[in-house]
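As structure tokens, the structure follows; a few thoughts come after it.
A, B, ... follow the sequence lines: proteins, then strands. Residue 1 opens every chain.
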2 protein chains.
Amino acid sequence: MLSRFKQTELWLPGISVDCVIFGFHENQLKVLLLKFHNTHVWSLAGGFVGVEENVDQAAARVLYERTGLTDIYLKQFYTFGDLERNDRAAEEHRSVTTAMGSPDDDLSWMSKRYITIGYYALVDYSKVVVNPGDISDAADWVDIAALPHLFLDHNKIVNKALEAMRQSLDEKLIAFELLGDTFTMSEIQAVYETILDKKIVRTNFQRKMLSLDILVRIEKKFTGGAHKAPYLYRLKP
Amino acid sequence: MLSRFKQTELWLPGISVDCVIFGFHENQLKVLLLKFHNTHVWSLAGGFVGVEENVDQAAARVLYERTGLTDIYLKQFYTFGDLERNDRAAEEHRSVTTAMGSPDDDLSWMSKRYITIGYYALVDYSKVVVNPGDISDAADWVDIAALPHLFLDHNKIVNKALEAMRQSLDEKLIAFELLGDTFTMSEIQAVYETILDKKIVRTNFQRKMLSLDILVRIEKKFTGGAHKAPYLYRLKP
DNA sequence: CCAAAAGTGTTGCAACTACACCCATGG
DNA sequence: CCATGGGTGTAGTTGCAACACTTTTGG
């Protein structure tokens with residue numbers, strides 16, 4: 001069952017990719033996490049690199065396998081190659097294998113040294129159909145502000161991904177990748193405020209967004225809340 | 001002779017590090033390049049990662065082996081993992097091995113697939129004592145504006161390093177890493193102008209530099225040129 | 001009417017740009 | 001003297017933050 005995660009001649013040895021998959025829901029920035037079978041060990045979506053596969057492709061494949069999505073904003077941000085990143089590997093390996101109670105499941109790869117290439121992905125939360133995969137029995141979106149302790153150095157990887165994303169936020173307008181095709185101005189603002197972790201004055205934010213000349217206001221208005229009528233916007237093509 | 005470059009159990013398989021070593025001399029931003037024995041194939045300073053070595057340490061070691069320097073500003077900027085990066089490997093491998101004419105030299109590693117982790121280093125040109133190492137017979141500083149065709153995708157790696165360096169130039173004040181302990185204001189400006197590839201108004205640049213409150217003006221003046229007397233500066237501790 | 005959403009105007013600050021102009025000094 | 005290096009002043013621009021205020025609209 002775990003055969004495709006075993007190290008065979010199909011995969012490059014000692015190398016993995018890890019995807020920090022960000023989504024935005026209920027005014028929270030969330031990360032997609034996986035939980036190993038019968039344990040409470042949470043980890044990022046990761047995988048290996050095929051011998052006939054680009055590293056970027058491997059990351060896109062991992063993303064696809066867990067979310068069913070393609071053509072997603074996916075960016076390499078750092079490569080983690082410290083020996084210490086596996087310091088706790090033996091311990092966690094034990095707890096994982098013990099919990100699984102199946103001596104046939106070869107999880108020895110967990111305790112080997114890996115250099116992992118970190119990618120972050122920005123996806124439309126509502127479009128994701130989560131698939132935990134073979135080695136996990138659960139997958140959940142977890143608020144970035146309330147992350148549990150993660151496998152190995154995955155907490156560090158998430159933090160580094162957040163940093164990288166913040167850097168590119170204005171420059172590359174990646175906030176829209178987290179939203180659907182249409183969105184209200186306050187939704188965009190919520191994304192910015194959550195990622196940058198600070199309040200923004202509405203009027204100034206709105207002016208700035210509109211001055212970028214990348215948004216189209218859709219005449220059809222939002223048929224939602226109690227006493228309101230926010231406009232919907234769409235990105236210009 | 002080439003034994004330490006062969007893949008043995010001492011090195012991680014399929015992984016390398018490449019260092020883009022920048023120096024500044026005669027108003028030019030230069031990169032340290034190596035030339036394989038008896039060929040005209042130029043490449044970056046690269047190496048493998050020891051099984052008991054952090055990736056960062058491997059990069060620092062490579063830098064040390066070629067320049068004799070330690071405690072250098074060295075930053076990971078990208079990991080190159082495309083299959084195509086080795087597309088020309090076979091061809092270049094042939095030209096290299098043929099030129100070397102020594103069937104004993106195992107250069108088969110050249111045509112294998114490698115994922116390489118890119119680092120850039122900023123060094124004081126005048127402090128470098130170049131050591132070409134075992135597989136190269138020459139090492140030279142080459143003006144960034146006149147790079148030859150490099151081994152594999154090393155041109156791409158240099159360009160990506162330049163981009164990354166530009167990004168961090170203001171933010172982290174890395175320009176000073178390229179200068180000696182003391183320097184004139186126009187030297188700093190030359191570094192900035194070369195890296196950013198644009199002219200800067202002298203007065204504004206000077207004001208900005210001094211306003212950062214990181215420079216100490218040394219009373220002793222520069223005993224150099226024809227009709228002038230530029231001040232020397234030093235970084236505050 | 002009321003509350004939320006949207007839009008307009010203004011003020012002030014900080015950073016940067018582009019010049020004009022000054023002083024100092026070594027040959 | 002003059003060419004070069006070094007320094008000051010100032011006017012214009014831009015982006016941003018903060019705040020006040022008005023308008024629109026659905027219930």
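Aromatic rings from A:F80 and A:Y114 are positioned such that their centres are separated by 6.0 Å or more. Here the two rings, on A:W42 and A:F151, have centers that are 6.0 Å apart or farther.
Between the side chains of A:Q167 and A:E171, no donor N or O sits under 3.5 Å from an acceptor N or O.
Between B:L212 atom CG and C:dA15 atom P there is a gap of 10 Å when expressed in whole angstrom units. When the C1' atom of C:dA5 is taken as reference, atom CD of A:Q189 falls 12 Å away, rounded to whole Å. In this structure, A:F205 places its CZ atom 15 Å from P of C:dA5, rounding to the nearest Å. Residue B:I188 contributes atom CD1, which lies 14 Å from atom C1' of D:dG5 at whole-angstrom precision. A:Q206 places its CD atom 16 Å from the C1' atom of D:dA18, with the value rounded to the nearest Å. With rounding to whole Å, A:E193 atom CD is found 12 Å from D:dA17 atom P. Straight-line distance from the CE atom of B:M185 to the C1' atom of C:dA24: 17 Å, rounded to whole Å. Rounded to a whole Å, the CD1 atom of B:I200 is 14 Å from the C1' atom of C:dA18.
The A:V201 side chain lies nearest to D:dA18 when the options are D:dG5, D:dA18, C:dC19. Of the listed nucleotides (C:dC16, C:dT10, C:dC19), C:dT10 has the atom at the smallest distance from the side chain of A:R207. With D:dC16, D:dA18, C:dC19 as the candidates, the nucleotide lying closest to the side chain of A:K208 is D:dC16. Comparing C:dC19, D:dC19, C:dA6 against the side chain of A:N204 picks out D:dC19 as the nearest.
Between the side chain of A:R202 and the base of C:dA6, a donor-acceptor pair under 3.5 Å is found.
At a threshold of 4.0 angstrom between heavy atoms, the contacts of A:S186 with the nucleic acid are absent. Nucleic acid contact class of B:Y233 (heavy atoms, under 4.0 Å, all strands): sugar-phosphate only.
A cation-pi arrangement is present between B:K160 and B:Y78 under the rule of less than 6.0 angstrom and at most 45 degrees off the ring axis.
Residue B:D181 qualifies as open at atom CG: its count of foreign heavy atoms under 6.0 Å is 12 or below.
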